[in-house]
Amino acid sequence: MPLKPMHPARGLPTRRIQWLALAALALGCVGLDPGWLLGAFTLALVLVAALKLLEARDRRGRRLVALLQLVCCGLQAAQQPDLLPSLLQLLAAVLALAGLLQLESGQSLPLGLVLRRSLRVLGAALPMALVLFLLVPRVGPFGTSTAGPTGRASTGLSDTLDPGGIASLVDEDSPAARVAFSDDEPPPTGGRYWRVLVHSQFDGSRWQRDEDAEQTPRFPADVSAMAEVPGQPERDQVWLVEPSAFSAVPWDGAARPLSTRLHPEPEGELRLLRPALERRSYRLKELASPLGWQRQPPRRSDLQLPPTANPRLRELGRRWSQLGGPEARVLAAQAWFQSQNFRYDRNPGTLPQVNGLDAFLFERQLGFCGHYASSFSALMRAAGVPSRVVSGYLGGEWVVPMGGAPYLALRQSDAHAWSEVWLPKRGWTRVDPSVWANGTSGENLADRLGGAPTGNASTQQGWRWLQRQWWGLDMAWSRWWLGFDQSRQEALLAWLLGSQRWALGSLILGGMALGLGGALVMLRRDRQPPGDRQARAMAELLNQLRRLKIEARPGETLESLAERAGARYPALADPLQELMACHREQRFAPPATDRQAQRKLQQRWRLARRRLMSRNKGAIRQKS
Amino acid sequence: MQFGWPESWGRAQRGEQLQLGMRNLYILPTGFGILWLAGSALLQAVGIQTQRNGPLLLSFLMLGLMLLALHLTHFNLQGLVLRCGRPKPGFADETLLYPIRLQSSCQRQAIALQLAQGDPAFPRRLAAGSSCVGLAWQCRHRGQQTPGALLIRSTSPLGLFVCWTRWTPPVTQLVYPARRDGPVAVTSSAPADDSAACKVTPGHNGSDDWHDLRPHRLEDGQSRVAWKVLAQGRGRHSKVFSDPVEAPPLLLPAPGIPRERALEHLSAEVWRRSLRGEMFGLVLPEVRITPGHGHDHRDRCLMALASCP
């Protein structure tokens, strides 16, 4: 045996794969917000990894680059959990691991081979990671900070509703939110009111939110109410909300939050304690019974009206206050609105700064939802009924994509405002005075609010179709991936262990041991030499004959074995002869240089094997 | 050269053969492995703080990879059999190759073999089956030498753990004195009173006086070809001269030079004369090698120099 000096390639493998991983990370940085501490840290870390890769001359430096790349993947995943960024992060992680594997192998291997190896190693470690991910109890955040992205533009609702100052509504077709339901059934069309902001402060022309609305939540999160009860037929809602300026997020007002970060406020806002300027997701569980906010008694401020503004409005309200109860006053208002010539218009022009609502109610009678909600709520206050204005979204488009989950898409153009009045027997009750304009009904109001499409319609339709398909996949991903939170984990543990929580440690250890065992078996098999394919195929054939009680005798040739088997089971004679011919050709004929010829030969073998197996069954039946 | 930490830790194995297994392999996390854990902890903290699944899963994945790497790194060495080969002699202060036979039932990635007195190790891949590698090392002293401890280590596949063992192969390698040019004493191999060896024998004047012919061999050179005989068509023959040939020299350590240095000069001289195909002998205090030539003669002389007391 020749003596080889121990001088393998001394240079480190090429940096190509590590540069590719950095490229994937750089792409993933596109959506990051450098104004947020985490975003800035991630960007800085990617830059440091690139500089280190340029500078690294030894194995230690290159290892550090791989680790930095993996950490950057994790940081990006914390900021961009959507489907597309997640795919990019997965690619970057696979490449980072491939770079490390190549570095440790000490060889510059082909990209495909290294990627396959990286995927195998990741796949081997994944079961263990999943055991830990699914079973290790989740810890809550170390604080309730809602610090997050700061520089991203936001669209949508405003915390001040001043319809008189708006001459015309601009159609804003950008997405606002998406919601999917666990039973994939759309909500009833008339009930698609998604509340976001509650405006209780009225100064005569504008409705504003409470000043402390963005401060610390006033209702503590009820953790016990969040535990899911297995088998209970309540359906889930999974929401994905685009960045906005508020911590308040859309909901129907009747669902139960499934996270300690979701707080239903006393006035009926649902606040999510996450950075508002990032894309947020949350889960709700629909309830038949009303939540606490609906029964929250009104405050004095819910009846406040400026003493001098809009005298005609106050006079009309005062007249209704003589009626029996709040319900009668609401009905009187409805009758009055419907008796007048109110028309819905998205371009009504501005109202006078002084007594603007008087001008709307008694002179112009032309406006959009903000005008109706604002003036109706003011009228109710004048009539002694606590009221307020709620802004949110109405309607939404039910989308059933080709792949992924069906969902309801809300756009900024679905923004809407309505009123809420306090009825002692029913609590806070929604009244939408916009539907009284010209006698329209709530079912088609959403269509009317949608406005006309802008730009090239066909191009926009095509683009929108693609966008919907993608969103469908994204929604499915969000339901599955973002939806696995503390409450889902609790439900899983309850299903697995019931009340035997003490067994959780053993379960985790057992799962890890199984995962590790499987991974090692898989990876050790890869290390075995490939062996002789023909020898393996022949061994399988001999095993098959052995099951028919035909054993090869010492020194017996394959041909005589085949003849003997054929004599005993005549049905097998033909396929056996064919198999022997194939074997002879594969073993002893000059090797076929043509790949197609090799493939044909293998195909002949497979066909003959299949024939043998089908006849084999017949032979066994005959024998029995 | 000594191995660094943690490779210097643990008992060195002995014997002509070593099978690596649970009893003789050590494994510890590398510095990179500890950084890896820190990275995983950082992602865990980010995942908890942002309540995102991505960093949490990646953090657990890194932990899983670490657990997997612990076993894979160990398996990469476990079962490997090392045997001493028969080392060929070499010169001191020059690179020597120490043969190690490796037997593996599976292919192994990035295994580094490094002798304590050898060059830094670079990991290499081992195919399944038997192979033989020569480990380069240098020795400053002549004689039968062992290369000292051999470190067998691997950090494959992820560099998170270092698995190692140390083995002291017992088979010695013969090391000749270093080849260093310098003065060498030379004396004639003829007896001292035979000063007439240089004398011209009667009847044999000059190089033209040949007394016989023999079939020509290449090593006889052109000068000995009997051209006249060739011209007569009797074939190519060489002349056999009866000239008195000068007695082959005997090499001795030069006087007045430290003994080891003198042996090194002799080593270089023996090598040089052997390359030229000259005949020479060697005289050492306890050994006298009669003049001769050829590789065997050279090796005999060098061995005598290596083992000279």
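Letters A, B, ... mirror the listed sequences (proteins, then strands); counts begin at 1.
- For the options A:Q76, A:Q89, A:M128, heavy-atom pairs under 4.5 Å to chain B are most numerous at A:M128.
- Note: A:P81 leads A:A93, A:P81, A:S281, A:S105 in heavy-atom pairs under 4.5 Å with chain B.
- Contact tally against chain A (heavy-atom pairs below 4.5 Å) for B:A69, B:G54, B:G85: the top residue is B:G54.
- Rounded to the nearest 0.5 angstrom, A:L523 CG and B:H71 NE2 are separated by 12.0 Å.
- With a threshold of 4.5 angstrom between heavy atoms, B:L43 approaches chain A through side-chain atoms but not through N, CA, C or O.
- Taking both residues in full, the closest heavy atoms of A:L64 and B:F32 are given as N-CE1, 4.2 Å, listed atom of the first, atom of the second, then distance.
- Contacts between B:M66 and chain A at a heavy-atom distance below 4.5 Å are absent for every atom of the residue.
- The interface of residues 66-75 of chain A with chain B, defined by heavy-atom distances below 4.5 Å, comprises A:L67, A:L70, A:V71, A:C73, A:G74, A:L75.
- For residues 510-517 of chain A, heavy-atom neighbours of chain B at less than 4.5 Å comprise A:M512, A:L516, sorted by residue number.
- Side-chain atoms of A:L132 and B:L61, non-hydrogen and from C-beta on, never get closer than 4.5 Å to each other.
- Two residues are said to be in side-chain contact when any heavy atoms from C-beta on lie closer than 4.5 Å; A:Q79 and B:V46 fail this criterion.
- For chain A, the option among B:L63, B:L158, B:L42 with the highest count of heavy-atom pairs below 4.5 Å is B:L158.
- Comparing B:L56, B:L57, B:L35, B:L58 by how many heavy-atom pairs each has under 4.5 Å with chain A, the most go to B:L57.
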Could you walk me through whether B:M62 and A:L97 pass the side-chain contact (heavy atoms from CB on, under 4.5 Å) check? CA-CA 10 Å; B:M62 286 171 76; A:L97 193 65; over 6 Å; no
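- Smallest separation of non-hydrogen atoms from B:G64 and A:A125: C-CB, 4.0 Å.
- The minimum heavy-atom distance between A:R63 and B:G159, with the atom names listed, is NH2-CA, 3.7 Å.
- B:L65 touches chain A through backbone and side chain together, each having a heavy atom under 4.5 Å away.
- Between A:E104 and B:P157, the closest side-chain pair of non-hydrogen atoms is not below 4.5 Å.
- Only the side chain of A:V136 comes within contact range of chain B, judged by heavy atoms closer than 4.5 Å.
- Both the backbone and the side chain of B:Q51 have a heavy atom closer than 4.5 Å to some heavy atom of chain A.
- Sparse packing is recorded around CZ of A:R60, with 12 or fewer heavy atoms of other residues, nucleotides or ligands lying under 6.0 Å away.
- Only the side chain of A:R117 comes within contact range of chain B, with at least one heavy atom under 4.5 Å from a heavy atom of that chain.
- Across all non-hydrogen atoms, the minimal contact from A:L520 to B:L72 is CD2-CD2, 4.0 Å.
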